[in-house]
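Index from 1, following the sequence.
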Amino acid sequence: MSLRAIPEGPLRHGYTTGATATAAAKAALLALLQQSKVENIQISLPRGEKVYFKVPFCKFSATEATCKVIKNGGDDPDVTHGLEIGCTIHLDDTKGIQFVQGEGVGVITLPGLEIPVGEPAINPVPRQMIGNELENLLQAHDMDYGLSVEVFVPRGREIAEKTLNSRIGIQYGISILGTTGIVKPYSSESFIAAINQGVDVATRNGYKKIVINSGGRSERFLKKRFPHLADVAFVQYGNWIGDTLNKLSNSDAQQVYMGIMLGKAVKLAEGNLDTHSRNVLMNTEFMKKIALECNYPPLLCDKVESLKLARNLTDIFPFEEQEAYYLKLGEYCHRTCAPLIRGFNFTILLMDLDGNIIEVPAP
């Protein structure tokens with residue numbers, strides 16, 4: 001995700017990389033079959049919607065054609081918005097459709113994903129969308145060719161460096177994604193899909209100890225604590241703690257450590273499994289309640305209620321292993337997570353901004 005500001009007014013939906021690649025593929029085959037330039041193309045999305053795409057680039061010969069389409073993510077801040085996604089179609093004498101890796105499209109290098117190792121990182125739904133459109137075109141033109149489908153993204157390798165693809169074994173480029181063809185602005189769907197992929201790849205590659213965390217900074221701190229673990233054993237939950245724990249409970253994980261900064265911890269402790277600021281704000285009354293339960297002096301409890309940021313709890317209570325406030329906070333976090341913990345041991349690691357960690361095992 002980039003840092004584009006949320007626009008005012010109704011948000012515009014967009015189209016996935018999978019839908020965009022499908023448009024490029026269909027345009028390329030149509031140009032090849034009719035030996036003429038294609039400027040616009042209509043495709044069907046998985047739920048039956050018909051949508052049109054402009055085709056700003058199209059070239060063809062007697063045996064192959066290439067078309068490019070610009071990925072429009074609407075008002076969603078995904079890093080692939082505005083990317084050029086293309087497809088080259090080759091006719092051959094084999095039967096069926098073969099996907100080959102093009103420039104900027106990743107290749108699968110680890111087991112655990114829905115696509116076999118060695119295949120280009122084009123997910124099952126986009127493969128099906130592309131296949132359906134191409135097969136329908138061949139039938140409409142009474143053709144019985146085999147097709148080689150090379151999806152490519154000229155800036156894909158550069159963009160992939162801004163994602164976690166390499167961690168889950170997708171190397172050299174981006175993934176071609178999408179289950180509905182439509183991007184809903186600021187939807188959690190893609191992030192939760194990445195969480196599920198991360199857990200699957202970690203466990204399929206033998207990692208039964210998994211460290212979940214909210215993002216880059218907390219993960220850097222945790223890697224110092226677990227230097228023996230490979231990158232694949234670290235899974236970022238962002239704000240979706242509940243979805244992550246649900247996934248882990250249906251996996252082969254045996255030991256899970258959850259690193260969490262104080263800002264998210266006070267929200268989780270109050271019962272919020274989605275800690276995004278648009279859904280829940282810091283509740284200083286609840287934070288004061290924890291202090292009162294620990295029998296701190298009233299003056300300190302009042303200071304807690306006046307805080308503007310949860311991280312400033314460390315100005316009131318030393319961030320140390322046996323400090324009652326943090327142990328009670330961790331206890332409340334465990335209470336929130338407990339209904340979702342099935343089949344693995346679970347430990348919470350509270351963290352401050354300096355990377356200090358307080359371990360709070362399950363009660």
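Side-chain atoms of Glu331 and Lys328, non-hydrogen and from C-beta on, do get closer than 4.5 Å to each other. Using a 4.5 Å heavy-atom threshold, the side chains of Pro126 and Thr17 count as separate. In this structure, the side chains of Leu113 and Asp200 stay at 4.5 Å or more apart for every pair of heavy atoms. The shortest distance between side-chain heavy atoms of Thr179 and Asn123 does not fall below 4.5 Å. Contact annotation: the side chain of Ile70 never approaches that of Asn72 to less than 4.5 Å [non-hydrogen atoms, C-beta and beyond]. Looking only at side-chain heavy atoms (C-beta outward), Leu138 and Leu29 come within less than 4.5 Å of each other. Side-chain contact between Ile168 and Leu164 is absent, with no heavy atoms from C-beta onward closer than 4.5 Å. Residues Tyr237 and Ser214 are in side-chain contact: their nearest non-hydrogen atoms beyond the backbone lie under 4.5 Å apart.
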Steps toward side-chain contact (heavy atoms from CB on, under 4.5 Å) verdict (Phe53, Ile43):
CA-CA 8 Å; Phe53 290 81; Ile43 67 166; 3.7 Å; yes

Show your reasoning for whether side-chain contact (heavy atoms from CB on, under 4.5 Å) applies to Leu307 and Ile316.
CA-CA 10 Å; Leu307 288 177; Ile316 302 173; 3.9 Å; yes

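Taking CG from Asp354 and CZ from Phe221, the interatomic distance works out to 7.0 Å, rounded to the nearest 0.5 Å. Rounded to the nearest 0.5 angstrom, Leu313 CG and Thr284 OG1 are separated by 10.5 Å. One finds the CD1 atom of Ile41 at 9.0 Å from the SG atom of Cys58 (value rounded to the nearest 0.5 Å). Note that OH of Tyr15 is 10.5 Å distant from OG1 of Thr180, once rounded to the nearest 0.5 Å. Atom OG of Ser175 and atom CD of Gln197 lie 6.5 Å apart (nearest 0.5 Å). With rounding to the nearest 0.5 Å, the separation of CD in Gln34 from CG in Leu137 is 9.0 Å.
When all heavy atoms of Gly178 and Val125 are compared, the pair lying nearest together is O-CB, 3.3 Å. Scanning all heavy atoms of the two residues, the minimum distance from Val235 to Val199 falls at CG2-N, 4.1 Å.
Note on Phe152 and Ile115: separate hydrophobic clusters, where clusters join Ile, Leu, Val, Met, Phe, Trp and Tyr whose side-chain heavy atoms are under 4.5 Å apart, directly or indirectly.
Under the 4.0 Å criterion applied to side-chain N and carboxylate O atoms, Lys289 and Glu285 are not assigned as salt-bridge partners. Salt bridge status for Arg311 with Asp352: absent, with no side-chain N to carboxylate O gap under 4.0 Å. Ion pairing between Asp144 and Lys95 holds under the 4.0 Å rule for side-chain N and carboxylate O. The existence of a salt bridge linking Asp252 and Arg204 is excluded, since no basic side-chain nitrogen approaches an acidic carboxylate oxygen closer than 4.0 Å. With salt bridges taken as basic N to acidic carboxylate O contacts below 4.0 Å, none links Glu114 and Arg127.
No donor-acceptor distance shorter than 3.5 angstrom exists from the side chain of Thr314 to the backbone of Phe319, with no hydrogens or angles considered. Remark: the backbone N or O of Arg342 is paired with a side-chain donor or acceptor of Ser249 at under 3.5 angstrom.
The aromatic rings of Phe226 and Tyr257 sit tilted relative to each other, their planes meeting at an angle between 30° and 60°. Taking the six-membered ring for Trp and thresholds of 30 and 60 degrees, Tyr325 and Phe317 have nearly parallel ring planes, at less than 30 degrees apart.
Lys223 forms a cation-pi arrangement with Phe234, by the criterion of a distance under 6.0 Å to the ring centre and an angle within 45° of the ring axis.
No option in Ile212, Ile192, Asn196 other than Asn196 meets the side chain to side chain contact (heavy atoms under 4.5 Å, CB included) test with Lys247.
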